[in-house]
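One structure is given below, encoded as structure tokens.
Proteins get letters first, then strands, A, B, ... in listed order; numbering begins at 1 in each. All values derive from a computational prediction rather than experimental measurement.
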Number of protein chains: 2
Amino acid sequence: MLLSKACIYGVRASLYMALVYHKDSYISIRDMSQKLDISFHFLTKILQQITQAGLMHSYKGPNGGINLSKNPREITIIEIIDAIDGLDVFTECVIGLPGCGKNKPCPLHEKWAIARQELQDMFENTTLHEMAFNSKKLNLRLSNEFSIKELID
Amino acid sequence: MLLSKACIYGVRASLYMALVYHKDSYISIRDMSQKLDISFHFLTKILQQITQAGLMHSYKGPNGGINLSKNPREITIIEIIDAIDGLDVFTECVIGLPGCGKNKPCPLHEKWAIARQELQDMFENTTLHEMAFNSKKLNLRLSNEFSIKELID
DNA sequence: TTTATTAAAGACTAATTTGTCTTAAATATA
DNA sequence: TATATTTAAGACAAATTAGTCTTTAATAAA
Ligand code: SF4
Ligand code: SF4
């Protein structure tokens, strides 16, 4: 698995937030966890990491919740990944050898270095807005249970 | 991490086997575990999986060990990965959504489907021989401790 | 035939990741 | 102020992955 479960849930939640984005209102974690079929408490902890990384804001109390700290056009997927798994996967050796770099590269280096860069580019160049826009256009699914149209109604 | 530790160790061991490949002699797991700095017992279990997948043969008793069941020119890295982690990473959704495919693809689909195919191609098109050949040519390292030249002497 | 060497098998432990639960703190509103 | 709602924090448990150890089986060679 390229990304951990926690990271995957973080990306899904971020995408949901982009779908229902309104600059000045908060999304309840409880509500989101039900819509995305993710454990409420687990999701809470994941969102705390994302919040602590500055990508979202939280607000306690009635009508509180989470919102994106900037426009979804300005948030890329790699920022979510960085907040949860970190970016090691984009710098480390695919067969786990130490000292990855130009000095003593492992045998797979030439190919892997290209592939991991492409993966990094993919996550760097995909914004939450772009994902949300395509999702709505095609009525894709963010969970087994609900289609996007059902989620944003 | 794209590949599990077990899988990574399996690939390193396979590469070592290709480096010292002689059609008719066996490599001791104990010796290999020391040269590659991998736990002997853990490596034994990993090699059992690879052996059971038919990629290597084992032989008990004095001067026994493991050897490749075909020429390293005919073994690709993906065969090792398949024997240990399986190939799910090359077919599944990057954000873990069920039902990956044309019916209800996730928002990242277009980019991820290309990237994961490239990764699969990379592992399918890299043979143990190719890795070993490049490794020897450049005197790369398979472990922290020893350079290739030290390993095959 | 006895002994030493080697892999196979499986029980066991440790570490990490994933997930659950309880309590505390902040906030809105009655 | 009292109550309900919501996130924060952290203890705890379950599941998975990683790693260790012991015993058994096969084989070579003395
Ligand atoms: S492939 Fe190499 S340089 Fe690339 S990662 Fe492996 S060791 Fe490092
Ligand atoms: S990206 Fe899509 S189609 Fe591709 S994997 Fe995700 S759900 Fe499946």
Whole angstrom value for the distance that separates C1' of D:dT6 from CD1 of A:Ile66: 10 Å
Would you say C:dA8 has OP1 or OP2 under 4.0 Å from some side-chain N or O of B:Ser58? yes
Between A:Tyr26 and D:dT7, is there a side-chain N or O to OP1/OP2 distance below 4.0 Å? no
Phosphate OP1/OP2 of D:dT20 contacted by B:Ser39 side-chain N/O (<4.0 Å): yes
Euclidean distance, atom CD1 of residue B:Ile29 to atom C1' of C:dT6 [Å, nearest integer]: 8 Å
Take the protein atom CE of B:Met32 and the nucleotide atom C1' of C:dT6, then report the distance between them rounded to whole Å. 13 Å
Rounding to an integer number of Å, can you tell me how far B:Ile46 CD1 sits from D:dT17 C1'? 11 Å
Any donor-acceptor pair, under 3.5 Å, between the side chain of B:Lys45 and the base of D:dG19, if you only look at N and O atoms? yes
Can you work out whether A:Pro62 or A:Ser4 has the more 5'-proximal nearest nucleotide on DNA chain C? A:Ser4
Checking all strands, does A:Gln52 fall into the base, sugar-phosphate, or nothing category for heavy-atom contacts under 4.0 angstrom? sugar-phosphate
Would you say that more than 12 heavy atoms from the other residues, nucleotides or ligands in this model lie under 6.0 Å from the CZ of B:Phe90, or not? yes
If you count heavy atoms of other groups shown closer than 6.0 angstrom to NZ of A:Lys149, is the number above 12? no
Provide, to the nearest angstrom, the distance between the NE2 atom belonging to A:His41 and the P atom belonging to C:dT20. 9 Å
Any base atoms under 4.0 Å from A:Tyr59, or only sugar-phosphate, or nothing? Heavy atoms, all strands. sugar-phosphate
Check every strand shown and say whether B:Ile27 touches a base, only sugar-phosphate, or nothing at a heavy-atom separation below 4.0 Å. sugar-phosphate
Contact class for B:Gly64 (heavy atom, under 4.0 Å): base, sugar-phosphate, or nothing? sugar-phosphate
Can you tell me if CD on A:Gln117 sees more than 12 non-hydrogen neighbours from other groups inside 6.0 Å? yes
When the distance from NZ of B:Lys60 to P of D:dA26 is rounded to whole Å, what number comes out? 5 Å
For A:Arg30 and D:dT7, give me the distance from atom CZ to atom C1', rounded to whole Å. 11 Å
Check the surroundings of atom CZ in B:Phe133: do more than 12 heavy atoms from other residues, nucleotides or ligands lie under 6.0 Å from it? no
Between B:Tyr59 and B:Tyr16, is there a shared hydrophobic cluster once you connect ILVMFWY residues whose side-chain heavy atoms come closer than 4.5 Å? no
Considering heavy-atom distances to DNA chain C, does A:Phe42 or B:Asn63 have its closest nucleotide positioned more toward the 5' end? B:Asn63
Rounded to whole Å, please give me the gap between CD in B:Gln49 and P in D:dG19. 14 Å
